[in-house]
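The first residue of the sequence shown is numbered 1, and numbering continues consecutively from there. Owing to the predicted nature of the structure, the values given are computational and were not obtained by experimental measurement. For ligands, and for the atoms within them, numbers begin at 1 and follow the listed sequence.
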Amino acid sequence: MKLEKYYVPEKAELKLDGKVYELPVMVGEEGEKAIDISRLRSMTGCITLDYGYMNTGSCASAITYLDGDKGILSYRGYSIEDLAEKCTFVEVAYLLVHGALPTETELKGFSGMLNKYSLLHEDMVHFFDRFPPGSPPMSILSSMVNALAVFYPDMISNPIENIDKMSARLISKVRTIAAFSYKKAMGQPLVYPRHDYSYCANFLNMMFHSSVDPYEVNPIVVDALNKLLILHGDHEQNCSTSTVRLVGSAHVNLYASISAGISALWGPLHGGANQAVIEMLERIHLEGGNYRKYIEKAKDANDPFRLVGFGHRVYKNHDPRARIIKKACDDVLQALKIEDPLLDLAKEIEEVALTDSYFVERRLYPNVDFYSGIIYKAIGIPTDMFTVMFALGRLPGWIAHWKEMWDDDNWKIGRPRQIYVGPVARPFVPMEERSL
Ligand code: ACO
């Protein structure tokens, strides 16, 4: 990636130990500014300290742009609103990985590969029997994706030339793994992928079809699932994507890097939040619907409770994805004629929180997870699989970042530094002289 054109004549000045250092400044395509500190340590002997990387750019990227203050999100220059309205998930997956929307022929080719690679090696299918009952589906997913590296080692040594096939293989097989892990957990026979279904319809059929109760694909559900997966497609350098990049920076293979990303996404402060939202709403509902008590708990500085589904590290105005999801949620519940008291509860909480000074002052808005769980629940996805659904959507984004990193001539193995605050050098104490 050539970055010279992004450097501007302006320099940042740093005064330290009586000296003035000049640091280069760059400006990205959307006007965001950065001070390039890549030579800071060699010039000054200093490193920077930035817990949570709140101010640290780890790379330059051409995949996703987001402006948290304005509530803007776009993939490869296309607004999330347009993509969610006008595309299928497969088109957006292609866009993320390849950088351009597919032509009709390219889409046909990519969809053909998704079909071709949709089966799992039968030896891998036996793995599902060895996980103890009740195993978290994210743990199964992460393990199975790591195992893909040994079952499908071809192309690992030249991934970039084969990124089309590798990404199709991953995107297709992760869907099969997700559906199979559900069927196994339910003790039901597996339903294999079908070539005559679209990506989302195929997933729904693998999840919910049974020989005694055939699944009827509902286009409104397919549309909502497409939107959910598109909205989760990428979100620049979030925790799981940074994990994929960091692990991949050691030049480990794509499958192992993605498996690490899945583990990062599992965390309740990241991808696990959609599950936590439903659990929170269920708890409030079971306790008689007194949501005001929970709003007060969330505001209490001495109470660790947080209103899950509110707040975002980056979006401090609104989460553009939440608006689209809220509409899709209404459509699905209406189409399926579901009256969900949890949705009513969610709407009441949103209304109160949006006008409460605690939330307003801290700029805490509903995030994408606040409504996505209600859609998943309505279409029959079990709560413990919500984060798996997130992973399914995020997969093309992870692949795109991994590819971008491999292709980047500025690539370096990820290796942050630290400020050491432990004991200073001291003499070794032999066992007999150590006191209790
Ligand atoms: N409920 C109540 N108070 C909150 C919430 C919340 N959901 N989120 C933040 N706050 C408060 C904090 O207590 C803090 O208050 P203070 O200034 O009085 O100490 C202030 O708002 C700032 O909070 P931070 O934790 O510094 O904000 P940060 O940007 O680091 O955190 C995060 C973002 C982790 C998402 C946070 O808002 C949160 O925990 N939300 C709930 C979990 C959640 O919904 N996660 C999903 C995120 S979306 C995704 O990953 C796809």
Side-chain angles (χ1 to χ4, degrees), residues 50-56 64 66-69 71 73 75 80 84 138 227-244 261-281 283-284 291-326 342 346 349-376 383 386-398 401:
D50 186 19
Y51 276 97
Y53 311 120
M54 304 276 287
N55 309 284
T56 298
T64 286
L66 70 88
D67 182 329
D69 288 323
L73 173 65
Y75 302 157
I80 194 67
M138 283 298 273
K227 283 195 171 57
L228 278 161
L229 298 182
I230 290 169
L231 296 179
H232 284 92
D234 192 43
H235 213 234
E236 51 122 291
Q237 310 306 322
N238 56 82
C239 177
S240 54
T241 303
S242 300
T243 302
V244 170
I262 293 169
S263 299
L265 190 71
W266 192 1
L269 290 188
H270 189 15
N274 52 14
Q275 176 175 340
V277 168
I278 290 295
E279 286 164 356
M280 177 187 76
L281 292 174
R283 200 165 70 224
I284 301 175
Y291 60 86
R292 286 183 192 273
K293 177 181 127 191
Y294 282 88
I295 291 184
E296 290 312 312
K297 268 167 79 63
K299 288 159 58 176
D300 182 352
N302 299 315
D303 190 325
F305 176 78
R306 283 190 168 192
L307 207 53
V308 198
F310 271 77
H312 197 276
R313 170 58 64 82
V314 180
Y315 294 119
K316 302 295 178 191
N317 183 335
H318 72 269
D319 182 340
R321 304 166 302 171
R323 289 189 173 170
I324 302 167
I325 293 269
K326 189 176 174 184
L342 298 193
I349 292 173
E350 182 185 4
E351 208 177 302
V352 172
L354 285 180
T355 49
D356 188 298
S357 59
Y358 173 93
F359 292 89
V360 174
E361 277 160 20
R362 287 168 182 75
R363 305 206 288 165
L364 301 169
Y365 296 86
N367 58 47
V368 66
D369 290 320
F370 194 60
Y371 284 104
S372 61
I374 295 171
I375 305 186
Y376 287 139
T383 319
F386 287 1
T387 318
V388 170
M389 301 306 296
F390 190 160
L392 209 54
R394 185 53 54 87
L395 189 51
W398 288 333
H401 281 275

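A donor-acceptor pair under 3.5 Å links the side-chain atoms of Asp50 to the main chain of Thr56, judged by distance alone. The main-chain N or O of Cys239 is never found under 3.5 Å from a side-chain atom of Ser242 such that the two would form a donor-acceptor pair. With hydrogens and angles disregarded, no donor-acceptor distance shorter than 3.5 Å links the side chain of His312 to the backbone of Asp319. Using a distance-only test at 3.5 Å, with no hydrogens or angles considered, a donor-acceptor pair links the side chain of Asn367 to the main chain of Gly311. Although no hydrogens or angles enter the test, the distance criterion places no donor-acceptor pair under 3.5 Å between the side chain of Tyr371 and the main chain of Arg323. Tyr75 places a side-chain N or O within donor-acceptor distance of the main-chain N or O of Gly233, the cut-off being under 3.5 Å.
Of the candidates Leu281, Leu307, Val352, Tyr291 forms a side chain to side chain contact (heavy atoms under 4.5 Å, CB included) with just one, namely Val352.
The presence of a protein heavy atom under 4.0 Å from atom 26 (O) of ligand 1 is ruled out. Proximity of atom 19 (O) of ligand 1 to the protein is not indicated, since no non-hydrogen protein atom lies closer than 4.0 angstrom. Distance check on atom 22 (C) of ligand 1: every protein heavy atom falls at or beyond the 4.0 Å cut-off.
At a heavy-atom distance under 4.0 Å, no atom of Val277 approaches ligand 1. At a 4.0 Å heavy-atom cut-off, ligand 1 touches Lys316 through the side chain alone. Of the heavy atoms in Asn238, none comes closer than 4.0 Å to ligand 1.
The closest approach between a heavy atom of Phe390 and any atom of ligand 1 is below 4.0 Å.
For atom 45 (N) of ligand 1, the closest non-hydrogen atom on the protein side is Ala273 CB, 3.5 Å. The nearest protein atom to atom 3 (N) of ligand 1, hydrogens excluded, is given as Tyr358 OH, 2.9 Å; this is a heavy-atom distance. Shortest contact from atom 35 (C) of ligand 1 to any protein heavy atom: Gly311 O, 3.7 Å. Nearest to atom 48 (S) of ligand 1 among the protein's heavy atoms is His312 CD2, 3.5 Å. Protein heavy atom nearest atom 40 (N) of ligand 1, with residue, atom name and distance: Phe310 O, 3.0 Å. Taking atom 28 (P) of ligand 1 as the reference point, the nearest protein heavy-atom neighbour is Arg313 NE, 3.7 Å.
A salt bridge between Arg363 and Asp69 is present, with a side-chain N of the basic residue lying under 4.0 Å from a carboxylate O of the acidic one. Salt bridge status for Lys299 with Glu296: present, with a side-chain N to carboxylate O gap under 4.0 Å.
Neither side chain, Gln237 nor Tyr53, offers a donor N or O lying under 3.5 Å from an acceptor on the other.
Distances below 4.0 Å separate heavy atoms of Gly309 from the following atoms of ligand 1: 43 (C), 44 (O). For ligand 1 and His270, the ligand atoms under 4.0 Å from any heavy atom of the residue are 49 (C), 50 (O). Short contacts between ligand 1 and Asp369, defined as distances under 4.0 Å to a heavy atom of the residue, involve ligand atoms 46 (C), 48 (S), 49 (C), 51 (C).
Ring centers of Tyr315 and Tyr365: at least 6.0 Å apart, outside the cut-off.
Polar contact with ligand 1: absent for Pro268 (N/O pair, distance under 3.5 Å).
In this structure, of Asp319, Leu231, Val308, Leu307, the residue bringing a heavy atom nearest to atom 1 (N) of ligand 1 is Leu307. For atom 9 (C) of ligand 1, the candidate residues are Leu364, Val368, Asn367; the nearest heavy-atom contact is made by Leu364. Comparing Arg321, Arg362, Arg306, Arg363 by heavy-atom distance to atom 12 (C) of ligand 1, the nearest is Arg306.
Ile295 places none of its side-chain heavy atoms less than 4.5 Å from the side chain of Tyr358.
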